Protein chains: 2
Amino acid sequence: MAATGAGSERDGERAKARILDSAEELFYARGVQAVGMDAVRSAAGVSLKRLYQLFPAKERLVEEFLRRRDHAWRDALVRYADARPTPRARLLAVFDWLYQWFAEPDFRGCVFINCFGELGGTSQPVAKAARDHKEAVRAYLGELTTATGVAAPQQLASQLALLAEGAITTAALSGSADSAREGRVAAEVLLNAAGVREQGAAHCND
Amino acid sequence: MAATGAGSERDGERAKARILDSAEELFYARGVQAVGMDAVRSAAGVSLKRLYQLFPAKERLVEEFLRRRDHAWRDALVRYADARPTPRARLLAVFDWLYQWFAEPDFRGCVFINCFGELGGTSQPVAKAARDHKEAVRAYLGELTTATGVAAPQQLASQLALLAEGAITTAALSGSADSAREGRVAAEVLLNAAGVREQGAAHCND
DNA sequence: AGCGGAAGAGAACGAGCGTTCTCCGATCTG
DNA sequence: CAGATCGGAGAACGCTCGTTCTCTTCCGCT
């Protein structure tokens, strides 16, 4: 029983991952309400019984899928941006990373915004998950702007967050990745105006 | 029969308006799929038969509601912004108008983004309606930036559109209208950098 | 007054959903 | 090898939805 228990646990983790993978793909492509639990079941290749053992209700599945997506999304962003040498380069790299994301063939906007629009008015957990995600992204931008040594880093971070947010929804609706380029150009203007120089800290901060 | 016909037509127009009013309120607050035709029916105070006479299917109701909302939304924006004396003031007034909108008690983001997230992956008409709306807004911003006489008005308009777009979704998710203020400050920086002066056309355009 | 036709109220229908239950084969224990 | 326990496949249940149908009422006309 101990051996089978451990095996089941491992299998459970792998099944959970497969289920979340399928849920992510389906919910993102078609919306949450348009995808039945049966579609998730058959895409993940598990039985309905097992699906409900691992996720007792659809809302739980949605919550866990959003939480996992949040971590994966921000991890990928941070990994990409933190590879750049300076805070300024890291901030601009955010828009390069967005560009790559927008160019993916199945890109359909931010899943948190999509889910918020669909369920935010009804489901408190979904609304909170979306809010938490956006706040975490903004906090990361705040870290980067603070590292530039600029005078008002939080205000600058908010403005850059607006550009990134706008680029995401614009790319989703237009079907073009251009908004990431436009956002990057605008971000450079804002960074220059705030006194963030190309290399290191501010030179002419008087 | 002619008299009753005219009366019915007038009644039909008024019933249609009432139905679209109710649909707008309900779809915006709860999402499209979460609101049944019966809820629209009872909110509008018409019979199901009449509802289906005027809108043969739910998708038609959604399309007409989005089209009407697009016109009303842009009309209100243009009326507000065009009251300002200069192109620069008109561009900045966009963010003032957004601030007022965000502060409305039942504000829940852009209905086109919400509907796109919910139905854009499934319904082509909804996706097109959302795209058309955003393009029309961007075109209006393009008119305003062109009127400033700046060198690259379309690029500036795109950047301002990103700010406005980002402000909308940020306000929806955070529940705060602050993003409109942040967007306005960023817009001023972009306008200054593009050479849009406080009064009239460019002074130092050589 | 009597009749025809339109309109309202809501029952009805078929489909699809989330969730549970039943059956059945496989696997492990003594 | 016998019996029990577990998990898979999918039928079943209760509900809701979009849409249609039925029945009744009411209005205008001759």
Side-chain angles (χ1 to χ4, degrees), chain A residues 1-20 22-23 26-27 29-66 115 118-119 121-123 125-126, chain B residues 1-20 22-23 26-27 29-66 115 118-119 121-123 125-126:
Chain A
M1 187 166 151
T4 58
S8 293
E9 247 176 55
R10 230 187 302 262
D11 285 0
E13 285 309 306
R14 257 187 307 179
K16 240 179 160 178
R18 267 211 319 280
I19 291 167
L20 287 171
S22 306
L26 291 169
F27 289 159
R30 297 190 230 156
V32 171
Q33 309 215 62
V35 173
M37 290 295 268
D38 205 64
V40 175
R41 180 204 67 84
S42 63
V46 300
S47 76
L48 219 47
K49 195 182 208 168
R50 202 141 162 72
L51 175 54
Y52 273 91
Q53 272 177 0
L54 298 169
F55 301 95
K58 192 182 188 184
E59 192 166 17
R60 292 294 179 86
L61 176 58
V62 172
E63 288 172 38
E64 288 213 36
F65 130 73
L66 286 177
C115 285
E118 185 174 0
L119 306 165
T122 317
S123 164
V126 169
Chain B
M1 188 165 150
T4 59
S8 292
E9 245 176 56
R10 230 186 303 261
D11 285 1
E13 285 309 306
R14 256 186 309 182
K16 239 180 160 179
R18 267 211 318 280
I19 291 167
L20 287 171
S22 306
L26 292 169
F27 289 159
R30 298 190 229 155
V32 171
Q33 309 215 60
V35 173
M37 290 294 268
D38 206 65
V40 175
R41 179 203 68 86
S42 64
V46 301
S47 76
L48 219 47
K49 193 181 209 168
R50 202 142 162 72
L51 175 54
Y52 274 90
Q53 272 177 359
L54 298 169
F55 301 95
K58 193 183 188 183
E59 192 166 18
R60 292 296 178 86
L61 176 58
V62 173
E63 287 172 39
E64 288 213 34
F65 129 73
L66 285 176
C115 285
E118 185 174 0
L119 306 165
T122 317
S123 163
V126 169

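A quick note: this is a predicted structure, and the numbers were derived from the prediction, not measured.
With sequence neighbours excluded, the residues satisfying side chain to side chain contact (heavy atoms under 4.5 Å, CB included) with B:Ala43 are B:Ser22, B:Leu26. Scanning for salt bridge (charged side-chain N to carboxylate O under 4.0 Å, His left out) contacts around B:Arg41 gives B:Asp38, with sequence neighbours left out. Partners of B:Ala29 according to the side chain to side chain contact (heavy atoms under 4.5 Å, CB included) rule, which considers only residues two or more places apart in sequence or in another chain, do not exist here.
Pairs of residues two or more places apart, or lying in two chains, that qualify as side chain to side chain donor-acceptor pair (under 3.5 Å) and include a residue from residues 51-66 of chain A are A:Glu59-A:Ser123.
Checked by atom type and distance alone, the side chain of B:Glu118 never pairs as donor or acceptor with a backbone atom of B:Gly31 at under 3.5 Å.
Per the geometry, CZ belonging to A:Arg41 stands 17 Å off P belonging to D:dG7, to the nearest Å. Atom CD in A:Gln53 sits roughly 14 Å away from atom C1' in C:dC21 (whole-Å rounding). Residue A:Arg50 contributes atom CZ, which lies 5 Å from atom P of D:dG8 at whole-angstrom precision.
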Protein-to-nucleotide contact annotation, 5' to 3' order, nucleotides 15-20 of chain C [B base; S sugar-phosphate only; - none; under 4.0 Å, heavy atom]
---SBB

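In this structure, CG on B:Leu51 lies 11.5 Å from CZ on B:Arg18, to the nearest 0.5 angstrom. Note: B:Leu61 CG to B:Ile19 CD1 = 7.5 Å, rounded to the nearest 0.5 Å.
Note on the helix from C:dA1-D:dT30 to C:dG30-D:dC1: angle between the axes of the first and last five pairs equals 20°, rounded to 10 degrees.
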Would A:Leu20 and A:Phe55 count as a side-chain contact (heavy atoms from CB on, under 4.5 Å) here? Give the steps.
CA-CA 10 Å; A:Leu20 287 171; A:Phe55 301 95; 3.9 Å; yes

